Amino acid sequence: MEILKCEDIRKVYCSGRHQVIALDGIDLSVEKGEFVAIVGASGSGKSTLLHILGSVDRPSQGRVLIEGTDISTLNRTEAAIFRRRKVGLVYQFYNLIPTLTIRKNILMPLLLDKRKPDFQFFDRIVTTLGIADRLEALPNQLSGGQQQRAAIARSLIYRPALLLADEPTGNLDRKNSREIMDLLKLSNRNLDQTMILITHDEKAALEADRIVTIEDGRIIRDEKRR
Ligand SMILES: Nc1ncnc2c1ncn2[C@@H]1O[C@H](COP(=O)(O)OP(=O)(O)OP(=O)(O)O)[C@@H](O)[C@H]1O
Ligand SMILES: [Mg+2]
C-alpha cells in the first residue's frame, strides 16, 4: 500500500533579488512499512523536502499525498491537526517542552486532541526506548540521547502513518546513535512503522531498505536494498 506520494515538488525561496531553487521536481512514492534513508550533501534540499512532506512547509509547485489526502488542500489549522495525527516529526534538536515532564511531553499529541492514551502502547514504546524510569523527570534532567528517545516516543504515540526524522542522531555520540538507530529499526520492524530518515551517516543509511540520494534539489539515485 502506498502511504506517501509526491509529484513534481518544487520549492523556490526568494531572498531579495535572488532565487534559490531548493527542490527541483521531486517524485517519490513510499510504501507502508518502508524504511527510507535520504542522503545528500549539505544544502541539497533534504530538510526542505522533509518539512514539505510533514506539511510544516508548502511546496511552490506539486502535490504531496499522505494516505491519499492531498495535504496542499489543507488550511493552516487542518494541516496542524493532520500533522499531529498522521505524521511523526523528529527534529534534530528534540523540541521537547521544558516545563513538562517526559511523560506529558510524550502524551502531548494525544492531550491536544483530548484523546485517551492507549496505556499499553505507551508502556511498550517507553520500555522499548529505555526511558520508562525517567517519565517524571523534566527534559533538562535527561541526557541528550534520552531526550532524543523521548522525542521519538512522542512522534510514535499517535501511530503515525509516516515517521519523518531529520538527522536524529546528528548530535549524539556513537553509542547513543547506535541505540537510536536500533530503536528506529525496531519500531519499523515491530510496529510496521513507515519511516523516512535524513542522515549524513553512511552507516546509518545502510540500515535502511532504500536509499534516496538528493543533489541540487533532485533525486539522482533511488536504490532499493532489500
Ligand atoms: N528559508 C530559506 N530561505 C532561503 N533559502 C533557503 C531557506 N531554507 C533553505 N534554503 C536554501 O535551500 C537549499 C536547501 O536547504 P536545505 O535546508 O533543505 O538543505 P539540506 O540538504 O537539509 O542541508 P543540510 O544537510 O546542511 O541540513 C539551500 O541552498 C538553502 O540555503
Ligand atoms: Mg538539513
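We number each residue from 1, following the sequence as shown. For the numbers below, each heavy atom of this structure counts, side chains included, while hydrogens, waters and symmetry mates do not. Note that this is a predicted model, so its numbers are computed, not measured. As the structure lists them, so they are numbered: ligands from 1, and atoms in each ligand from 1.
- Of all atoms in ligand 1, numbered sequentially from 1 with element shown, those under 4.0 Å from a heavy atom of Ala41 are 21 (O).
- Regarding atom 27 (O) of ligand 1, its nearest protein heavy-atom neighbour is Ser47 OG, 3.9 Å.
- Atoms of ligand 1 lying under 4.0 Å from any heavy atom of Ser44, numbered from 1 in the order shown and given with element: 19 (O), 21 (O).
- The nearest pair of heavy atoms linking Thr199 to Ala204 is OG1-CB, 3.8 Å.
- The closest non-hydrogen atom to atom 28 (C) of ligand 1, taken over Gly16, Gly40, Gly43, comes from Gly43.
- For atom 30 (C) of ligand 1, the closest non-hydrogen atom on the protein side is Val20 CG1, 4.7 Å.
- Near His200, the atoms of ligand 1 lying under 4.0 angstrom from a non-hydrogen atom of the residue are 25 (O).
- The residues Lys32 and Glu67 are annotated as not salt-bridged, no charged nitrogen and carboxylate oxygen being separated by less than 4.0 angstrom.
- No part of Glu167 comes within 4.0 Å of ligand 1, judged by heavy-atom distances.
- The existence of a salt bridge linking Asp24 and Arg10 is confirmed by a sub-4.0 Å separation between a basic side-chain nitrogen and an acidic carboxylate oxygen.
- Within the cation-pi definition used here (under 6.0 Å to the ring centroid, within 45° of the axis), Arg210 does not qualify as a partner of Phe35.
- Looking at atom 12 (O) of ligand 1, its nearest protein heavy atom turns out to be Ala22 CB, 3.4 Å.
- Protein heavy atom closest to atom 26 (O) of ligand 1, with residue, atom name and distance, is Ser42 OG, 2.6 Å.
- If you check which protein heavy atom lies closest to atom 16 (P) of ligand 1, you get Thr48 OG1, 3.5 Å.
- Looking from atom 25 (O) of ligand 1 to the surrounding protein, the closest heavy atom is Lys46 NZ, 2.7 Å.
- Distance alone, capped at 3.5 Å, places no donor-acceptor pair between the Glu2 side chain and the Glu31 backbone.
- In this structure, Arg63 pairs ionically with Asp70, as a charged nitrogen and a carboxylate oxygen lie closer than 4.0 Å.
- For Cys14, the heavy-atom gap to ligand 1 stays at 4.0 angstrom or more.
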CA sep, side-chain torsions, deciding dist, call: Glu167, Tyr91, side-chain contact (heavy atoms from CB on, under 4.5 Å): CA-CA 7 Å; Glu167 296 271 3; Tyr91 295 93; over 6 Å; no

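- Of all heavy-atom pairs between Leu23 and Ile52, the closest is CD1-CD1, 3.8 Å.
- Ion pairing between Lys46 and Asp166 fails under the 4.0 Å rule for side-chain N and carboxylate O.
- Residue contacts with ligand 1: Ser15 is placed with no nitrogen or oxygen under 3.5 Å of a nitrogen or oxygen of the ligand (distance criterion only).
- At a cut-off of 2.8 Å, Ser42 is not counted among the residues with an N, O or S atom near the Mg ion (ligand 2).
- Tyr13 CE1, 3.4 Å is the protein heavy atom nearest to atom 9 (C) of ligand 1.
- What you find for Ile26 and Ile214 is that their closest heavy atoms are CD1-CD1, 4.4 Å.
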